[in-house]
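The chains referred to below are lettered A, B, ... by the order of the sequence lines, with proteins before strands, and numbering in each begins at 1.
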Amino acid sequence: MSEKNLEKTTAAAAEQEKDHILDIKDLVVHFETDEGCVKAINGLNLSVRREKTLGLVGETGAGKTTTALSILNLVPSPPGVIKGGSIVLDGKDVLQMKEKELEHMRGNEVAMIFQDPMTALNPVMTVGEQIAESVMLHENLSQKDAFERAKEMLKMVGIAESRAYDYPHQFSGGMRQRVVIAIALACRPHFLIADEPTTALDVTIQAQVLDLMKELINNNHMSMLLITHDLGVVAEVCDDVAVMYAGRIVEVGTTDEVFNATRHPYTEGLFDSLPNLKEQGEELVPIKGMMPDPMHLPEGCAFAPRCPYATEACNQSVPELRPAGGTHYVACHAYDDPNFRLRRNANG
Amino acid sequence: MNETMKATENLQEYKGRSLAQETWHRLLKNKGAVVGMIFMVLLLLLAVSGDLIYDWDTQIDYMEMGVARQAPSMEHPFGTDQLGRDVLARVLYGSRYSLIIGVGSVVLGLIVGLITGSLAGFYGGGWDQLVMRANDILYSVPNIMLAVVIVQLLGTSILSLVIALSISSATSFAKITRASVMTIRDQEYVESAYAMGLPTWKIILRHIIPNCLSPIIVQVTLSIGSNIISASSLSFLGVGVPIPTPEWGTMLAEGRQFIRSEPWMCIFPGLAIMLTVLALNLMGDGLRDALDPKLKR
């Protein structure tokens, strides 16, 4: 333990960076439309540890998908503009890459699973061809070999090889999502971005797909950024959690820390709006109000207008992330008062 | 040995179920489309082999006033025209002109329309403005007028007729392509293709254009038909294929003055135009159904 303390130098920090597959620093992404500037991401800091899964949680419109697209440098432009910050993936800054390097990186090092399997597959290509396509591109295999790989991938996600010749409309939603996963994993990327991979699936299939993803990630030593608004999914799959609100991270830590020692009022609000198995019949407490219009964000903390603990300080300045024990960080002015506790933690 | 056999078998199976083959299979189930296709295949054979069946100097372009304006008989099943030429021979031989003009103008229009339309749809902005405004201008002039002017400028020949007709085809192909590219461009599978690292040109060629193809293919068959009609109209007006070429529209124009006394001079070329266009439309309808992947079972 004392040894570890001694090593708290820049070398240790570098060591820690090496331990991260993804490091996003001060990312700012705006959408400049005719109606005004939509501030989608406003100084986002996020890290994903190697061979770990980070859950990115937040409401619709918090900027989760924009974060994912930024990692691939695929923010639709115009109107999207990456204003600043860096996204270091495996030691290289994605935002500095040339188009050729980006094309090499996409699919090969980082793959993305999209939200809706109904629309993420090309209706006029067989699923086998679609899996083979990226293999042919990145690994220079012949069409035949790539197709063999496609069949292997299908088998891996639990679909019979013979179905490689079928078209997407011949599959059910859950199976299509398996195909999408097979496409994403076909080139054996190190890092997987899953954008709400189970949102469009029904509950029984959700569990299957999540188990499959968990298993494949573990077997292939991959890291994953799992975007979701479902805290149940996070609890099941993720090692770490980052809670996002209005384009910023408001709380980040291991799943255990965030779930059992919740610090941010917004995270508390998320938990309060979930049904509790232990105290059945208890009334749900939704977070009042709506997320602020990203075109007109408040000057201070974006959550202040909805926050039951908000003070004058919250309207003055944007809170920075501060340590809250271990790897746990929270961005909230309330902790200026050392005795502050959330209601959730008050008697626990 | 066994291994390679298995591999080739797999490959055959893979190829055997390609989209084109499946479309073909379903096209064969549509009776109207089959009739249309058989008619078009026969017409095509006829057009290609016209010179083997008929001799231009002694059968197509000759004058034998002694047998002029004869009604249909065993010797001349479609009768003879005002110069004593066999109408059947001229109608059959004329199929090549109609096909060359119809297909040629559509292919030319398709190439121009597909390229400009997909660029306009994919990139939008300035390209879109340029292509679509040019289209609007061409669209605001009646097709026949435009064609008449172009043929007058280039001189009456089959090539200038093809060019004239291809312009109006190009505008409709550009519009259809642009509209479908714009909807396909924002589909999630295109985004996902980008996320897989595919370069833009590959995405346009492999993901966007194939998804736009069905309306375009249908439009191709229908346009061939309408261009054959336009070509005949132009010939009828005297600005199309010059006489004595046995083009159907030219034949109609020649026979017009005898329509009360010797109607066969007009009926048979007219019938040929009608049947060809009908066959093409039947094919177009059949293709539209066969190409829709959602109908697949």
Considering only heavy atoms, which portion of [X] lies under 4.5 Å from any heavy atom of chain B: side chain, backbone, both, or neither?
X       : value
M105(A) : neither
D116(A) : both
I113(A) : neither
V110(A) : backbone

If you count heavy-atom pairs under 4.5 Å with chain B, which of [options] comes out on top?
options                            : value
A120(A), A111(A), S134(A), G107(A) : A120(A)
L137(A), L69(A), L102(A), N108(A)  : L137(A)
L72(A), L121(A), I183(A)           : L121(A)

Indicate whether the side chain of [X] and that of [Y] have a donor and an acceptor atom separated by less than 3.5 Å.
X       : Y       : result
R163(A) : Q170(A) : no
H138(A) : E103(A) : no
D93(A)  : S86(A)  : no
D230(A) : T199(A) : no

Next item on the list: Look at K83(A) together with E32(A) and state whether they make a salt bridge at an N to O cut-off of under 4.0 Å.
Entry: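 Salt bridge flag = yes for E32(A) with K83(A).
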Margin query: Any salt bridge linking E196(A) with K64(A)? Criterion: basic side-chain nitrogen under 4.0 Å from a carboxylate oxygen.
Written below: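 Yes, E196(A) and K64(A) are salt-bridged.
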